[in-house]
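Note that the structure is predicted; figures quoted are calculated from it, not measured.
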Amino acid sequence: MEVCILGSSLTSLTLAKTLVNQGIYVDIFSSKNNKEADKNRTIGISKNNIEFFNKYIFNINKILWNINKIEIFSENLNDENILNFVDREKLFSVVKNYRLMNFLISELNKNKLCKFKKKKITNNILKKNYKIIINCDLNNLITKKFFYKKIKKDYNSFAYTTVFKHKKLNNFTAKQFFTSRGPLAFLPISETETSVVYSVRGKEKIDLDYFIKKYNNNYKIISINKSSSIELKSSNLRSYYYKNVLAFGDLLHKIHPLAGQGFNMTIRDIKEILKLIKSKKGNGLDLDSSICIDFEKNMRHKNYLFSNSIDLIYESFKLESKIKKNLFSKLVRQMGKNKTLNNFFVKVADEGFFI
Ligand SMILES: Cc1cc2nc3c(=O)[nH]c(=O)nc-3n(C[C@H](O)[C@H](O)[C@H](O)COP(=O)(O)OP(=O)(O)OC[C@H]3O[C@@H](n4cnc5c(N)ncnc54)[C@H](O)[C@@H]3O)c2cc1C
């Protein structure tokens, strides 16, 4: 027995596939069946992380839709386009969450190194002989007992998500509007479908269709799916591990979705785990809990800094809307015109911080 993964979420499955590809035995414990997939969920994955997926997880290209331009608008500057990012090949790609999960499940089901175990997750798992237990489950008993000390923030907001169908067009530009209520993103997923994420301050339910029509300026909409909503909170765990149990995914760090970076942070974490495992194996050593210690040492400060940067962007636009000024939007517009800074933003969104 080598590695045990708790939970069967997107993070769990991605990590499991990375590990079995390295010849590691993985048991995935989950107390619930994968819920009916939410067809409105999409995930934007950075170019650098796609390269990692293709090399170490599986060839993801066939289920991706590539985006080569991002346009950012600010309502505080009369909906002016304040920032653009362009890459002839692609800046990032979008995938339907359920397609990625189904693909990973079917690959893992075929792999003899991976076993799915449907069981209630209790402290008894700690007594089993696993070298490392990786906990990707936000709600099990182990999480409640050992991973509850967090730096938390309630955004007092909901994210509304949906997908709409439209007339066929060259759909390679993602758009983000910083509105007075919060950021609204249009994320293309095919020539005829685009997903929407609107993070809205306040707990009052909104009519998403109304806002899609208000901010849409290039789609001939045919139909809009019924929207889903999720309350927005951020959190960073104070301690990444307990003995040989390592927390992972949104349990480790959960951020505001405005930059579409939550899962990208997790892929960067998976890269680090892989690096540590390869170094152990390369030195002829067995996997053990020192991986948890090294992982925390190498990633905690990066993840904390990255989470806080996303929060700072959110708070700056929020403050600007509140005081009805446009200084931050003007600053962003100015910075975006500087080629070096523009390239720096693209690099950070693509690869995270290098410190
Ligand atoms: C609205 C929204 C949009 C996001 N977009 C991106 C993105 O483009 N790129 C990226 O790298 N990360 C994105 N994320 C973060 C990403 O979804 C999570 O980091 C990732 O799913 C965590 O995986 P998990 O396996 O730990 O948990 P999972 O089992 O995948 O899901 C649990 C998490 O999903 C979130 N969630 C629940 N419903 C939805 C929904 N309808 N849409 C999205 N998330 C939901 C919950 O906040 C919870 O933390 C987004 C998060 C939200 C809330």
Side-chain angles (χ1 to χ4, degrees), residues 7-14 30-45 63-65 67 92-105 136-139 152-166 171 174-190 192-216 219 221-235 249-251 253-266 310 314 318:
S8 55
S9 63
L10 181 60
T11 297
S12 319
L13 301 170
T14 311
S30 174
S31 46
K32 50 184 182 210
N33 289 324
N34 278 322
K35 278 189 293 182
E36 172 78 6
D38 180 349
K39 300 262 161 92
N40 290 328
R41 280 186 73 171
T42 56
I43 293 267
I45 305 181
I63 54 171
L64 293 179
W65 185 255
I67 306 293
F92 73 102
S93 306
V94 185
V95 58
K96 288 185 178 168
N97 198 296
Y98 77 91
R99 285 194 76 191
L100 179 54
M101 296 221 10
N102 287 348
F103 207 97
L104 287 162
I105 291 169
C136 310
D137 185 349
L138 296 161
N139 291 314
K152 290 191 266 191
K153 178 165 176 175
D154 186 344
Y155 282 106
N156 189 31
S157 301
F158 277 83
Y160 295 84
T161 52
T162 194
V163 170
F164 64 86
K165 287 198 171 59
H166 47 78
N171 203 13
K175 296 190 183 197
Q176 170 113 295
F177 294 84
F178 282 94
T179 79
S180 55
R181 291 177 171 80
L184 183 151
F186 288 95
L187 298 165
I189 38 176
S190 72
T192 55
E193 279 180 301
T194 295
S195 71
V196 177
V197 179
Y198 192 14
S199 308
V200 181
R201 285 185 276 280
K203 307 227 158 154
E204 211 173 295
K205 202 163 172 15
I206 59 139
D207 176 2
L208 185 60
D209 293 14
Y210 167 80
F211 289 101
I212 291 174
K213 285 171 191 156
K214 180 173 171 189
Y215 291 99
N216 163 37
Y219 296 109
I221 298 176
I222 296 169
S223 63
I224 306 178
N225 284 0
K226 193 171 175 296
S227 67
S228 319
S229 67
I230 165 105
E231 203 172 356
L232 290 179
K233 296 185 176 168
S234 73
S235 63
D250 270 21
L251 173 59
H253 40 66
K254 196 166 171 177
I255 59 171
H256 193 285
L258 77 91
Q261 283 289 333
F263 186 56
N264 281 294
M265 285 177 79
T266 294
I310 302 290
Y314 171 80
K318 179 180 156 194

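With sequence neighbours left out, Y160 forms a ring-ring contact (aromatic ring centres under 6.0 Å, His included) with no residue at all. D154 is linked by a salt bridge (charged side-chain N to carboxylate O under 4.0 Å, His left out) to K203, counting only residues two or more places apart in sequence or in another chain. Scanning for side-chain hydrogen bond (donor to acceptor under 3.5 Å, both in side chains) contacts around S235 gives an empty result, with sequence neighbours left out. The side-chain hydrogen bond (donor to acceptor under 3.5 Å, both in side chains) check on S195 picks up T42, with sequence neighbours excluded. Under the salt bridge (charged side-chain N to carboxylate O under 4.0 Å, His left out) criterion, K175 pairs with E71, sequence neighbours left out. Scanning for ring-ring contact (aromatic ring centres under 6.0 Å, His included) contacts around Y215 gives F177, with sequence neighbours left out. With sequence neighbours excluded, no residue forms a side-chain hydrogen bond (donor to acceptor under 3.5 Å, both in side chains) with S229. The side chain to side chain contact (heavy atoms under 4.5 Å, CB included) search around N40 returns D38, T161, T162, V163, N225, S228, not counting sequence neighbours. Y98 pairs by the ring-ring contact (aromatic ring centres under 6.0 Å, His included) definition with nothing, not counting sequence neighbours. Considering only residues two or more places apart in sequence or on other chains, F263 meets the ring-ring contact (aromatic ring centres under 6.0 Å, His included) condition with none of them. For N97, the side-chain hydrogen bond (donor to acceptor under 3.5 Å, both in side chains) criterion is met by no residue, not counting sequence neighbours. Every side chain to side chain contact (heavy atoms under 4.5 Å, CB included) that R99 has, sequence neighbours left out, goes to I63, K96.
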